[in-house]
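Reckoned from all heavy atoms, side chains included, excluding hydrogens, waters and symmetry mates.
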Amino acid sequence: MAHSSPHLGRQAWLNEKFAPDLLETKQDVVDNMMLHLQNMDENLHQGHVGEPKSTIHQLELERLRFVLTSYLRSRLRKIEAYFPHLLEQQRSQTGEDLLRLSPDEYIFAEEYANNISLYFRRVALRHMPTAQQKLDLSKTVAPPDIERFVFLQVKDRQERVLIEEATDDQEEYVIDLEENSKHLMRYKAIAPLVSNGAVQLI
């Protein structure tokens, strides 16, 4: 079994950045990368500042920090935007499903949901008739727009990708995606291919 890289790959970062919904958690990779950055930082402080080798390592450290920070910010933004739907998905998942939220993200999403509910109760709901004081956040907060168009590059050739399902007026629309080809497509059609690494969002 291959060992995972301690670095959060460019593909995972860009996919999270450009996907309209929250992708499955890569917390093990994030934890390894944070430990790797800590070790790099300690090694730099033990070296001689200003040496060419030290400067190169410092630049690489800053690059990796930027990628990790951008990745985590993208996830945090989506959790805050779609927390009712993410919590509902996580609670309904089975052991074989890929978890979208890490344990820490799940706790954050629950606390965020509780704080939002408390805010609405204090500011608005308590002033309304009892029958109207119920708050269903999953109906109040819009879900991720998976119908949004995204740019992608194909890494592995894919045959008969379903683009449009059959309707009363038209037959289903399927296409083949050639390796290294680039497309503008609805995210919903290629979401599974993003998850399995067959395509890269760009």
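With values rounded to the nearest 0.5 angstrom, D156 atom CG is found 9.5 Å from N180 atom CG. For the atom pair CG (N15) and OG (S74), the distance works out to 11.0 Å, reported to the nearest 0.5 Å. Atom OH in Y71 sits 10.5 Å away from atom CE in M33 (nearest 0.5 Å). Between the OG atom in S181 and the CG atom in L152 there is a gap of 7.5 Å [rounded to 0.5 Å]. Remark: L193 CG to L177 CG distance equals 7.0 Å, nearest 0.5 Å. L44 contributes atom CG, which lies 11.5 Å from atom CD1 of I56 (distance to the nearest 0.5 angstrom).
No donor-acceptor pair closer than 3.5 Å links the side chain of Q90 to the backbone N or O of Y106. Side chain of K78 to backbone of D21: a donor-acceptor contact under 3.5 angstrom is found. The main-chain N or O of V154 is never found under 3.5 Å from a side-chain atom of H183 such that the two would form a donor-acceptor pair. Looking only at distances, a side-chain donor or acceptor of N114 sits under 3.5 Å from a matching main-chain atom of E110.
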After noting the C-alpha distance and the side-chain angles of L101 and F108, does the key distance pass the side-chain contact (heavy atoms from CB on, under 4.5 Å) rule?
-> CA-CA 10 Å; L101 295 168; F108 171 80; over 6 Å; no
Starting from the C-alpha separation in whole Å, work towards a yes-or-no answer on side-chain contact (heavy atoms from CB on, under 4.5 Å) for Y119 and N115.
-> CA-CA 6 Å; Y119 173 79; N115 289 336; over 6 Å; no
So R157 and E178, salt bridge (Lys or Arg N to Asp or Glu O under 4.0 Å) or not? Walk me through it.
-> CA-CA 5 Å; R157 187 177 189 276; E178 301 298 331; 2.8 Å; yes
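At a cut-off of 3.5 Å, with distance as the only test, a side-chain donor of E62 or Q58 sits close to an acceptor on the other residue. A side-chain donor from one of D31 and Q27 sits under 3.5 Å from a side-chain acceptor of the other.
Under the 4.5 Å side-chain heavy-atom criterion for grouping Ile, Leu, Val, Met, Phe, Trp and Tyr, I146 is connected to V199 within one hydrophobic cluster. Follow the hydrophobic side-chain contacts under 4.5 Å out from F18 and you reach F66 in the same cluster.
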Less than 3.5 Å apart, which donor and acceptor atoms pair up between the side chains of residues 163-175 and the rest of the protein, not counting sequence neighbours?
unit_1	atom_1	unit_2	atom_2	d
E164	OE2	R186	NH1	2.7
T167	OG1	D169	N	3.2
T167	OG1	Q170	N	3.2

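In this structure, Y82 has no ring pair (Phe, Tyr, Trp, His ring centres under 6.0 Å) partners at least two apart in sequence or on a different chain.
Proximity of L61 to L37: side-chain heavy atoms (C-beta onward) are separated by under 4.5 Å at one or more points. Put simply, the side chain of V194 does not reach to within 4.5 Å of the side chain of Q200, judged on heavy atoms. Between K155 and Q11, some side-chain heavy-atom pair lies under the 4.5 Å cut-off.
In summary, of the residues considered (E24, E80, E105), a salt bridge (charged side-chain N to carboxylate O under 4.0 Å, His left out) with R75 occurs for E105 alone. Between L201 and the options L23, V150, L14, a side chain to side chain contact (heavy atoms under 4.5 Å, CB included) holds for only V150.
Across every non-hydrogen atom of P144 and P20, the tightest pair is CB-O, 3.7 Å.
In the hydrophobic clustering (ILVMFWY side chains linked at under 4.5 Å, chained through shared members), L184 is joined by F149, F151, I202.
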